[in-house]
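Everything numeric here is computed off the predicted structure, so don't read it as measured data. Just the heavy atoms: all of them, side chains too, but no hydrogens, waters or symmetry mates, feed the values below.
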Amino acid sequence: KRLLLATDPERVQSAPPQRTAAIGAVSIAILFSLVMFSVGICCRGLTSNRLVGSQLAVTSKSGMTSNRARLFGRHARLSNPRVERIPGSVSKYKKACSDLNRFLNERAGLHQFIYRPTQAFSSAAESLGQNVAAGNEENSLSTNAFEVLEERGFLKESTEGVKELLGKEPVTFYVGFDPTADSLHIGSLVPLMAMAHLQRNGHIPIALVGGGTGMIGDPSGKEEARQMMTVETIEQNKNGIRKQIEKFIDLGEGKGRMVDNGDWLLGLKYIDFLRDFGALFSVNVMLTKASVKTRLEKGMSFLEFNYQLLQAYDFLELFRRYNCKLQIGGDDQWGNIVGGIDLVRRLEQAEVGALTFPLLTTATGAKMGKTASGAVWLDASRYSAYDYFQYWVNVDDRDVSRFLKLFTFLPMSKIQELNKLEGADIRQAKQVLAYEATSILHGKDAAEEALKGAQAAFGGTGDVNSMPHYETEFPTGIVNLLAASGLCSSKADAKRTIAGGGIRINGEKISDPELDLDDSMLDDANALVLQKGKKNKLRIVKV
């Protein structure tokens with residue numbers, strides 16, 4: 001502001017030098033105070049915990065249009081994503097909001113600016129703020145997680161703005177898991193690894209286990225309805241799944257969480273739900289979803305048809321409870337995810353997004369995770385660490401580079417070095433893949449044991465005690481042993497395999513299905529090696 005005395009130059013010129021200097025000094029002091037006061041308000045507003053998890057409703061008594069009111073409300077929610085000084089208490093947060101309210105009232109002519117905190121402003125968000133303020137590397141946004149996922153081959157589709165969102169602020173996101181068994185299988189590795197990468201780059205994962213939707217069953221990718229499960233079975237399956245999820249992401253306070261949609265779905269009243277949400281979904285649109293179209297030819301129950309409404313409602317509930325802004329999942333879930341985005345935008349006028357992964361197949365076109373003996377489970381009691389290690393060692397050479405990116409945390413520079421291996425040397429890259437993948441799921445000790453067992457079985461080195469083994473009495477018939485040990489699925493399978501020349505004992509091919517194994521075949525440790533094909537070896541130990 002101009003000095004008022006400047007409007008009367010003669011008076012200024014005639015004033016004593018000491019008085020003129022004093023007036024100038026006072027004016028400069030006043031001007032400096034005004035500047036610092038303004039800067040203080042802005043800084044307190046911008047560092048007010050980024051208004052995490054708040055709803056800001058704007059009403060106007062001065063004739064402002066509703067669009068303009070919403071515009072101011074939307075701008076009020078925005079903050080500087082790079083600011084790291086985040087108040088650690090609710091009182092400071094509310095006071096900063098109060099300052100911002102007063103500033104907007106004065107500058108925008110808003111006569112009423114109402115702040116309503118929700119459950120989303122929780123201890124988790126507050127803890128994250130403290131971690132960022134302390135410079136915790138686990139919550140660093142120095143690398144955009146979107147670029148990490150893109151470089152490693154995780155991305156199939158994403159909604160507009162997701163890359164920018166992941167680069168500017170910590171984002172709460174979620175992945176859904178159906179509790180159809182007490183263990184996940186290898187097909188769940190892609191979302192689990194993606195969650196781990198997002199968390200390592202400063203974002204907050206929510207693992208949603210469908211205790212509510214699991215009582216219906218997701219029809220996506222299924223040719224027939226799932227079998228109904230009891231509440232007790234679902235609870236048992238949830239506990240098993242949690243143990244596996246915790247091996248990939250940190251579910252500690254403020255870092256991540258596991259929730260059950262049964263907490264909000266099982267208490268819904270049917271008529272109320274239809275009145276509140278039914279009108280927001282178009283049957284015509286629902287019929288176009290891939291999860292529905294593929295089932296209409298064979299028939300689909302009304303129960304399953306409702307699934308996409310419940311999944312959309314999950315997104316709305318997670319947004320309201322935890323300020324969740326992103327859902328990630330397989331590409332077959334795209335239609336259901338988009339339904340949730342539309343519901344949140346309609347009811348909350350909030351921008352949320354989606355990110356999906358490609359449905360993985362091997363280089364041969366087979367579905368990922370299927371073997372001749374069945375599914376590759378993540379639970380060691382269903383699929384041993386040794387077998388898991390061997391699964392990765394035996395992948396197709398053409399898949400090695402892709403799987404190193406997806407299923408290990410190795411730096412891209414290391415993966416690029418492994419990609420240079422050719423011919424028989426590719427087996428070295430496979431062993432690295434197997435060791436790293438097994439370490440993530442079962443731990444380094446289990447990976448070391450599996451490596452030693454593989455070296456003993458196939459390399460002539462290592463520790464034979466680390467090989468998978470089966471204990472039995474001697475003498476014993478070969479057919480009975482093959483079926484009992486699990487190398488063959490049945491006695492009939494054992495006979496067919498022997499007839500085809502696929503069975504060896506201590507490296508010697510056998511052709512007689514009536515053969516009895518006796519002590520003369522045992523080594524000094526009272527054991528022998530039974531082999532089926534080229535890749536399945538089992539140490540048989542006498543008891």
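- Residues I245 and A207 approach most closely at CD1-CB, 3.9 Å, considering heavy atoms.
- N323 and T172 form no side-chain donor-acceptor contact under 3.5 Å, judged by distance and modelled atom types alone.
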Apply side chain to side chain contact (heavy atoms under 4.5 Å, CB included) to L198 and L149, showing your working.
CA-CA 8 Å; L198 284 165; L149 297 179; 4.1 Å; yes
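- Proximity of a side-chain donor or acceptor of D331 to a complementary backbone N or O of T356 within less than 3.5 Å is not detected.
- With hydrogens and angles ignored, the 3.5 Å screen pairs a side-chain donor or acceptor of Q349 with a backbone N or O of R346.
- A donor-acceptor contact shorter than 3.5 Å links the side chain of T159 to the backbone of A354.
- Smallest separation of non-hydrogen atoms from V162 and L355: CG1-CD1, 4.2 Å.
- Relative orientation of the Y388 and W392 rings is perpendicular, given thresholds of 30° and 60° on the angle between their planes.
- Going from atom CG of L184 over to atom CD1 of I241 covers 4.5 Å, rounded to the nearest 0.5 Å.
- Interatomic distance, L378 CG to K243 NZ, rounded to the nearest 0.5 Å: 14.0 Å.
- Note that CZ of F177 is 9.0 Å distant from CE of M258, once rounded to the nearest 0.5 Å.
- Side-chain polar atoms of Q333 and Q327 form no donor-acceptor pair below 3.5 angstrom.
- A donor-acceptor pair is defined here as one N or O able to donate and one able to accept, closer than 3.5 Å; such a pair exists between the side chain of N237 and the backbone of D182.
- Using a 4.5 Å heavy-atom threshold, the side chains of L343 and F315 count as separate.
- In plain terms, the two heavy atoms of A375 and Y383 that are nearest each other are O-CD1, 3.9 Å.
- In summary, E235 and K238 engage in a salt bridge, as defined by a charged side-chain N under 4.0 Å from a carboxylate O.
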Report the C-alpha separation of D396 and T362 in whole Å, then their side-chain angles, then the decisive distance to 0.1 Å, and conclude whether the side chain to side chain contact (heavy atoms under 4.5 Å, CB included) test is met.
CA-CA 8 Å; D396 192 293; T362 64; 5.8 Å; no
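- Using modelled atom types, one finds a donor on one side chain and an acceptor on the other under 3.5 Å when comparing S381 with D379.
- Considering all non-hydrogen atoms of both residues, K430 and V395 come closest at NZ-O, 2.8 Å.
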Would you be so kind as to tabulate the donor-acceptor pairs closer than 3.5 Å made by side chains of residues 432-447, with sequence neighbours excluded?
from: Y435; atom 1: OH; to: E448; atom 2: OE2; distance (Å): 2.9
from: T438; atom 1: OG1; to: A434; atom 2: O; distance (Å): 2.6
from: S439; atom 1: OG; to: Y435; atom 2: O; distance (Å): 2.8

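- Looking at W377 and I186, their side chains never come closer than 4.5 Å, going by heavy atoms from C-beta outward.
- Counting heavy atoms from C-beta on, the side chains of R257 and I206 come closer than 4.5 Å.
- One finds the CZ atom of R200 at 12.5 Å from the OG1 atom of T143 (value rounded to the nearest 0.5 Å).
- In this structure, NZ on K163 lies 13.5 Å from CG on L165, to the nearest 0.5 angstrom.
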Audit row: T213, Q311, side chain to side chain contact (heavy atoms under 4.5 Å, CB included) steps and yes/no:
CA-CA 8 Å; T213 48; Q311 184 171 334; 5.6 Å; no
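- For the pair Q199 (side chain) and D250 (backbone), a donor-acceptor distance under 3.5 Å is present.
- Inter-residue side-chain proximity for Y322 and I204 is flagged as unmet; no heavy-atom pair is nearer than 4.5 Å.
- The two residues G214 and P179 have their closest heavy-atom pair at CA-CD, 4.4 Å.
- When side chains are defined from C-beta on, K325 does not count as touching V344, because their heavy atoms never get closer than 4.5 Å.
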In sequence, state the C-alpha distance, the side-chain angles, and the governing distance for D272 and R275, and then conclude on salt bridge (Lys or Arg N to Asp or Glu O under 4.0 Å).
CA-CA 5 Å; D272 291 343; R275 284 176 59 87; 5.6 Å; no
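- Pairs of residues two or more places apart, or lying in two chains, never qualify as salt bridge (Lys or Arg N to Asp or Glu O under 4.0 Å) while including a residue from residues 201-216.
- Other residues, nucleotides and ligands contribute more than 12 heavy atoms inside 6.0 Å of the NZ atom of K247.
- K168 has no carboxylate O lying under 4.0 Å from a charged side-chain N of E164, or vice versa, which leaves the two without a salt bridge.
- When side chains are defined from C-beta on, D399 counts as touching R402, because their heavy atoms get closer than 4.5 Å.
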Derivation of the side chain to side chain contact (heavy atoms under 4.5 Å, CB included) call for N261 and E317
CA-CA 9 Å; N261 62 11; E317 196 67 30; over 6 Å; no
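- At least one side-chain heavy atom of K405 sits less than 4.5 Å from a side-chain heavy atom of S401.
- The shortest heavy-atom contact between L266 and G212 is CD2-CA, 4.2 Å.
- If you check the side chains of S183 and Q244, you find a donor sitting under 3.5 Å from an acceptor.
- Classified by interplanar angle (parallel below 30°, tilted 30° to 60°, perpendicular above 60°), the ring pair F154/F357 is perpendicular.
- For the pair R321 and W264, the minimum side-chain heavy-atom distance is below 4.5 Å.
- Between the CZ atom in F248 and the CE atom in M195 there is a gap of 11.0 Å [rounded to 0.5 Å].
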